[in-house]
Number of protein chains: 2
Amino acid sequence: MPPSDHALDLPERISFSALTAQAIRRGIDRGAWAGALPSERRLSEVLQVSRPTIRRALAILVREGTLDGPRARQLRTIRAGGGARPSLNRRVIFLSHEQPEQCPPIGSLAFSEIRTVLERLRFTTEFLVCQERSLAAQQRKLAAYFARNRVLSYVLLSLNQELQMWLAGRGVPAMVLGSCHPAVRLPSFDLDNHAVGRSAAGLLLSRGHRRIAFLVPDSNGIGDLATEAGFTEAVRLHAAGDEVQARIVRHDGTPAGLRVRLDALLAGPAPPTGLLVAKPRAALVALVHLLGRGVAVPGRVSIICRDQDDVFGDLRPQLAHFSYDGRGIVRRLGRALAQLAATGVAVARPYRVFPRFVSGTSLARPG
Amino acid sequence: MPPSDHALDLPERISFSALTAQAIRRGIDRGAWAGALPSERRLSEVLQVSRPTIRRALAILVREGTLDGPRARQLRTIRAGGGARPSLNRRVIFLSHEQPEQCPPIGSLAFSEIRTVLERLRFTTEFLVCQERSLAAQQRKLAAYFARNRVLSYVLLSLNQELQMWLAGRGVPAMVLGSCHPAVRLPSFDLDNHAVGRSAAGLLLSRGHRRIAFLVPDSNGIGDLATEAGFTEAVRLHAAGDEVQARIVRHDGTPAGLRVRLDALLAGPAPPTGLLVAKPRAALVALVHLLGRGVAVPGRVSIICRDQDDVFGDLRPQLAHFSYDGRGIVRRLGRALAQLAATGVAVARPYRVFPRFVSGTSLARPG
DNA sequence: CTTTCCTGGTTACTCAGGATGACCAGCGCA
DNA sequence: TGCGCTGGTCATCCTGAGTAACCAGGAAAG
């Protein structure tokens, strides 16, 4: 018999499923979830582990009594005494009606920037998209989410007015990135969309356009409403003697819906010669659609986009648009969150950025 | 993008060999052996681990400097001062000729995804752009960087062939995200660009196109070269009896340069009726330029884009393109890096993804 | 109401990595 | 000289994880 070396620990032969079970157990202890676990597919994404492995891990936890089995196709519930130790977390949730790439206050570029900066500051970021059509459904979904998750603060991106006020009313910890309803008293980091709308209308009018339109999704985003207000205000101020026809054209936010509106506009009796388009994606869709229909840009229609996209400068015609440097906003947001994490409150002073106009060949004098 | 709960530790994916190395390391620290380790077969008995695993563990310890290699069939000796071991850091540098958003293997969307996943695995990520025009200048810059920085691994994104081979030759720790030169023996996570090129040409030919072209930047990216090879191969195989005219058109990577090439193509004697375009940005520029010139798409020219962009589906015509899910690649990359951090080496087996074709109305039969 | 999406449950298949056992050449030593 | 030990190598088997489909039930959106 060989002598045995006693000073040694044998390497632990532990299956990856068991390790995963440990990870989930720690998550439960830290209070990452309340009441019930996320779905298996969610866990598999979050933990970067395949679903069969997640299932084996869950089976272990059920067997040891940490979890209940799924009840009638419900999520698995966490057994009482799960140690829900409320620890100060640094979890930040971005809340929006749209995919992150489409949120106007911060273009696609800036969003990964935001994530990076916040993660440097040791915040963990998540994105929650709330795309239900009815307000009630949105509120139900969010209420369920609030009940099951503990977060430091929500960051509201281009939410519609009703939901923004509902959240503020419920006392959900939040700050607003993008435009903020004036009545909502939350820390906010805005673009001055009102000024942009006014400026855009002024640009079109000063180039001689007399039939202009603002194409905007009908989602009641507060920034969109502000742009709209600025747009009509500029028209009202200018149109003292002139005969100016300014329309606000709402579409349903889908590319197809936008094209339908565009076609209707152009087929109408007095088609506009100048367009302001909200959202970079929509501007691209509109440009390609018009060119594809043989409508010259800017020959028959000039286009200004309210928001930025870094492809705009590469195209011919270059899309005239408004642009700004998001880094200042990101820095402020990071500081506000750090303050909130440290002190429990954040200043509600709004921070405003005035985008600058980037001229492009898509804007010219009318035909 | 699905939200992810960051308040969690991910389960650690550590191989049993690495665990065994840990056990041996602890044994050394506790003075279980003096001067030299027991033989492999002894260790295998003592630790209750098979000998191949013991050997892998020993290789890890030799690599990290805890052990000397076996001297002339002697037992492995324990290095003096076994206390201070240079531990591998977890710093990862992304190295590319272009801005991250433009790197084709992973779209802008996927890149923030990659950062997030790697940072959750406790890697720190940085991006290093190497845009010098001359190869010598690139090498100088990188050599200076290597001399001053210790990193776990470089991740090469769409580097040109020369630089990729130079790095491999210098023994820089690296893996390739995107296409990899066949002679370069590095872990790589590829799209199968060759297959894409072949498939794209096949699609155009099978639709009846007989004059086709591949528009590609002249930067000698390995993926581009592979696409080109696949493209011409498909043409060669198909064109047995048929008369097919296939051109490779290189542009300088700028939108203006692309437009010049397009105009020259269309003004030529036998303009192509089908185009394959590399890079999503280039495809957008080409589409808008053609439509703006009154060239009907797909009426006069069909377009397929080799890469993906999520705006393609929203446009009319929809841009036919090749698409894939980058998450699998990100997962593999993360695992390879984790393995590298734990064991000091990563497998050099290439991982290949076959993008699937997303049909679109920009592709139709000619004329 | 209908439809859509998401849940848990289940399948078949691939593949990496560890276990096993055998073999080799070199070396020290009885 | 022959034995027993060392590290080095190989072929083979098998477990466990990954992947990608499916399915039915049920909740919720519209």
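Remember, it's a predicted structure, so these values are computed and weren't measured experimentally. All heavy atoms count here, side chains included; hydrogens, waters and symmetry mates do not. Within every chain, numbering begins at 1; the chains are lettered A, B, ... in the order of the sequence lines, protein sequences first and strands thereafter.
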Exercise. Do any of residues 133-142 of chain A sit with a heavy atom less than 4.0 Å from DNA chain D, and if so which?
Worked result: R133(A), S134(A), A137(A), R140(A)
For this session: Name all residues meeting the side-chain contact (heavy atoms from CB on, under 4.5 Å) criterion together with T53(B); count only those two or more places apart in sequence or in a different chain, and write none if there are none.
Result: F16(B), S17(B), T20(B), V49(B), S50(B), R56(B)
For this session: Starting at CZ of R281(A), measure out to CG of D314(B) and round the result to the nearest 0.5 Å.
Result: 5.0 Å
Exercise. Atom CD of E132(A) to atom C1' of dG30(D): distance rounded to whole Å?
Worked result: 11 Å
Exercise. Would you say a side-chain N or O of R332(B) is under 4.0 Å from OP1 or OP2 of dT19(D)?
Worked result: yes
For this session: Rounded to the nearest angstrom, tell me the gap between atom CD in E40(A) and atom C1' in dT10(C).
Result: 11 Å
For this session: Would you tell me if any nitrogen or oxygen in the side chain of R41(A) comes within less than 4.0 Å of OP1 or OP2 on dC6(C)?
Result: no
Check the interface with nucleotides 17-19 of chain C: list each N/O to N/O pair with the protein under 3.5 Å, or write none.
from    : atom 1 : to     : atom 2 : distance (Å)
dG18(C) : OP1    : F16(B) : N      : 3.2
dG18(C) : OP1    : S17(B) : N      : 3.3
dG18(C) : OP1    : S17(B) : OG     : 3.2
dG18(C) : OP2    : S17(B) : OG     : 3.3
dG18(C) : OP2    : R56(B) : NE     : 3.0
dG18(C) : OP2    : R56(B) : NH2    : 3.2
dA19(C) : OP1    : R13(A) : NH1    : 2.5
dA19(C) : OP1    : R13(A) : NH2    : 2.9
dA19(C) : OP2    : S50(B) : N      : 3.4
dA19(C) : OP2    : S50(B) : OG     : 2.5
dA19(C) : OP2    : T53(B) : OG1    : 2.3

Exercise. When the distance from CG of L43(A) to P of dA17(D) is rounded to whole Å, what number comes out?
Worked result: 16 Å
Exercise. To the nearest angstrom, how far is R331(B) atom CZ from dT19(D) atom C1'?
Worked result: 10 Å
Exercise. Does anything in residues 253-264 of chain A pair up under salt bridge (Lys or Arg N to Asp or Glu O under 4.0 Å), and if so which pairs, sequence neighbours excluded?
Worked result: D263(A)-R293(A)
Exercise. What pairs with L225(A) under side-chain contact (heavy atoms from CB on, under 4.5 Å), at least two apart in sequence or on another chain?
Worked result: Q161(A), N220(A), E228(A)
For this session: Return the set of residues passing ring pair (Phe, Tyr, Trp, His ring centres under 6.0 Å) with Y351(B) (not counting sequence neighbours), or none when no residue passes.
Result: none
For this session: Write down the distance between CZ (R42(B)) and P (dT6(D)), rounded to a whole number of angstrom.
Result: 9 Å
Exercise. Taking CZ from R352(B) and C1' from dT14(C), how many angstroms apart are they, rounded to a whole number?
Worked result: 18 Å
For this session: For R198(B), enumerate each residue passing the salt bridge (Lys or Arg N to Asp or Glu O under 4.0 Å) test, keeping only those at least two apart in sequence or located in another chain.
Result: E233(B)
For this session: Could I get the full list of side-chain contact (heavy atoms from CB on, under 4.5 Å) partners for A174(A), not counting sequence neighbours?
Result: Y154(A), L156(A), L186(A)
Seminar exercise, completed: Rounded to whole Å, the CZ-P distance (F354(B) to dA20(D)) equals 13 Å
Exercise. Would E64(A) and R25(A) pass as an ion pair if we require N to O under 4.0 Å?
Worked result: yes
Seminar exercise, completed: Sorted by chain and number, sequence neighbours left out, side-chain contact (heavy atoms from CB on, under 4.5 Å) with S359(B) holds for F357(B)
For this session: Round to the nearest Å and state the distance from R55(A) atom CZ to dT11(C) atom P.
Result: 10 Å
